[in-house]
Colleague: 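Following this message is one structure expressed as structure tokens.
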There are 2 protein chains.
Amino acid sequence: MNNQQFDLSNWQSYGYSCPVEATLDIIGGKWKSVILYHLIDGEIRFNELKRLVPGITQRMLTLQLRELERDGIIHREVYKQVPPKVEYSLTLFGKTLIPIIKSMLQWGIEHTEKIVHHREQANVKD
Amino acid sequence: MNNQQFDLSNWQSYGYSCPVEATLDIIGGKWKSVILYHLIDGEIRFNELKRLVPGITQRMLTLQLRELERDGIIHREVYKQVPPKVEYSLTLFGKTLIPIIKSMLQWGIEHTEKIVHHREQANVKD
DNA sequence: TGTCATAGTATCATTTTTTATACTAAAGGA
DNA sequence: TCCTTTAGTATAAAAAATGATACTATGACA
């Protein structure tokens, strides 16, 4: 029971030091959680998503959607039309993330005003 | 009711497009959620934290802790000793984030194995 | 024939994040 | 006197994330 640290559980074998790190590997980054939030209510087209997430560039939106698709979180449905129509939606697996997104949503609703004010105070000399 | 979009609520007035974005502004980034996870059980010293989060550098740990402190999420207690002793802990406000961290923890516990396997499959040609 | 819309790609530039490395103070002990 | 420890800071460099801009295919429509 000296300096042995085998006991950090088996997360290292997955390449993570804890479960939270693993979760972040899926929903981490500046945009993914926000994208998932908008998908909670159902499928959304590419341009619609772009409008819902102002500030994201077309390139970033594409990249993030591709990663979420690769990880099995969202489904990409292409309609054979011109102009193109592509709809994104949560997979069953992706829906298991909803509790996380909802808790982030709830926290934001309850505490954003406070943190904004708090930062304004701090910015006296920043 | 035409192209008016005033209705995206008042989040823009805070500089965010939705509450989730605001939350990410506090706990976003590669390390903050992991740090908070380790602080759930009580106060931790700097070096102890460094050991619990392998992979993080001393500089990054310092930077992240400073930001969390600035936002009122954690408390920094300095003991006047040599060698120094500094303990970090969640503030009352910081504890409001626990539900988010716990849901991330839970998801990681339940789904990490699946995503690791899933990615191994995908990596046949990656 | 020229124009429009959607859902992208390609290329390059910039910004942000992260790392590596060396350095510091100060008290106690050998 | 030198070495150890903790909790950092300073500086520069590298890597990763993000952004800006221009470009594409396709069919419908004027």
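Protein chains get the first letters and strands the later ones, always in sequence-line order, with residue 1 at the start of each.
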Colleague: I want to check one thing: is the phosphate of C:dG8, taken as OP1 and OP2, less than 4.0 Å away from some side-chain N or O of A:Arg76?
Modeller: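 Yes.
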Colleague: Would you say NZ of B:Lys102 has more than 12 non-hydrogen atoms from neighbouring residues, nucleotides or ligands within 6.0 angstrom?
Modeller: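 Atom NZ in B:Lys102 is not packed in, count stays at 12 or less.
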Colleague: Of the nucleotides C:dA7, D:dA7, C:dT19, which has the atom closest to the B:Thr57 side chain?
Modeller: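 The listed nucleotide nearest to B:Thr57's side chain is C:dT19.
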Colleague: Over how many whole Å does the gap from B:Lys50 atom NZ to D:dT9 atom C1' extend?
Modeller: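 The answer, rounded to whole Å, is 13 Å.
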Colleague: Please determine if a side-chain N or O atom of A:Lys30 lies less than 4.0 Å away from the OP1 or OP2 oxygen of D:dA16.
Modeller: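 It does not, given that no N or O in the side chain of A:Lys30 lies less than 4.0 Å from OP1 or OP2 of D:dA16.
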Colleague: Between D:dA7 atom C1' and B:Leu63 atom CG, what is the distance in whole Å?
Modeller: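 Result: 14 Å.
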Colleague: Using modelled atom types only, decide if a donor and an acceptor are shared between the side chain of B:Thr23 and the backbone of A:Trp107 within a distance under 3.5 Å.
Modeller: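 Looks like no, no N/O pair under 3.5 Å.
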Colleague: Run the side-chain contact (heavy atoms from CB on, under 4.5 Å) check on B:Gln106 and B:Ser103 step by step: do they pass?
Modeller: CA-CA 5 Å; B:Gln106 194 53 38; B:Ser103 64; 5.5 Å; no
Colleague: Classify the angle between the aromatic ring planes of A:Phe46 and A:Tyr88 as parallel (below 30°), tilted (30 to 60°) or perpendicular (above 60°).
Modeller: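 Taking A:Tyr88 first and then A:Phe46, their aromatic rings sit tilted (interplane angle of 30° to 60°).
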Colleague: Roughly, in whole Å, what's the span from CD in B:Gln64 to C1' in C:dT17?
Modeller: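 My rounded result for the distance is 9 Å.
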Colleague: Quick one: does B:Arg59 reach the base of D:dT11 with a side-chain donor-acceptor pair under 3.5 Å?
Modeller: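 Answer yes: a donor N or O sits under 3.5 Å from an acceptor.
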Colleague: Among the clusters formed by ILVMFWY side chains lying less than 4.5 Å apart, do B:Val78 and B:Ile74 turn up in the same one?
Modeller: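 Yes; tracing contacts between hydrophobic side chains, which count when under 4.5 Å, links both residues.
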Colleague: Report which part of the nucleic acid B:Gly55 touches: base, sugar-phosphate, or nothing (heavy-atom distance under 4.0 Å, all strands).
Modeller: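 The residue B:Gly55 makes sugar-phosphate contact but no base contact.
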Colleague: Whole Å only: how far is the CZ atom of B:Phe46 from the C1' atom of C:dT24?
Modeller: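 Result: 14 Å.
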Colleague: Round to the nearest Å and state the distance from B:Ile56 atom CD1 to C:dT18 atom P.
Modeller: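 So the CD1-P distance, B:Ile56 to C:dT18, works out to 9 Å.
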Colleague: Need to verify one output field. Residue with the more 5' nearest nucleotide on DNA chain D, A:Trp31 or B:Glu48?
Modeller: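 Comparing both residues, the 5'-ward one is B:Glu48.
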Colleague: Do the side-chain N or O atoms of B:Arg45 get closer than 4.0 angstrom to the phosphate oxygens (OP1, OP2) of D:dT6?
Modeller: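 Checking B:Arg45 against D:dT6: no side-chain N or O falls below 4.0 Å of OP1 or OP2.
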Colleague: Look at the side-chain N and O atoms of A:Tyr88 and state whether any lies under 4.0 Å from the OP1 or OP2 oxygen of C:dG8.
Modeller: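 Checking A:Tyr88 against C:dG8: at least one side-chain N or O falls below 4.0 Å of OP1 or OP2.
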Colleague: DNA chain D: A:Pro83 or B:Val82, which has the more 5' nearest nucleotide?
Modeller: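 Looking at DNA chain D, the more 5' nearest nucleotide goes with B:Val82.
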Colleague: Among C:dT18, C:dT9, D:dT6, which is the nearest nucleotide to the side chain of B:Asn47?
Modeller: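 That would be D:dT6.
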Colleague: Just how far, in rounded Å, is C1' of D:dA17 from CZ of A:Arg66?
Modeller: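 From A:Arg66 CZ to D:dA17 C1': 18 Å.
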Colleague: Measure from CD on B:Gln81 to P on D:dA7 and round the result to the nearest Å.
Modeller: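 Atom-to-atom, B:Gln81 to D:dA7, this comes out as 9 Å.
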Colleague: Find the distance B:Leu61:CG to D:dA7:C1' and express it as a whole number of Å.
Modeller: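 Rounded to whole Å, this separation is 10 Å.
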Colleague: Just checking A:Gln58: base, sugar-phosphate only, or nothing, at a heavy-atom cut-off of under 4.0 Å?
Modeller: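 It contacts base atoms.
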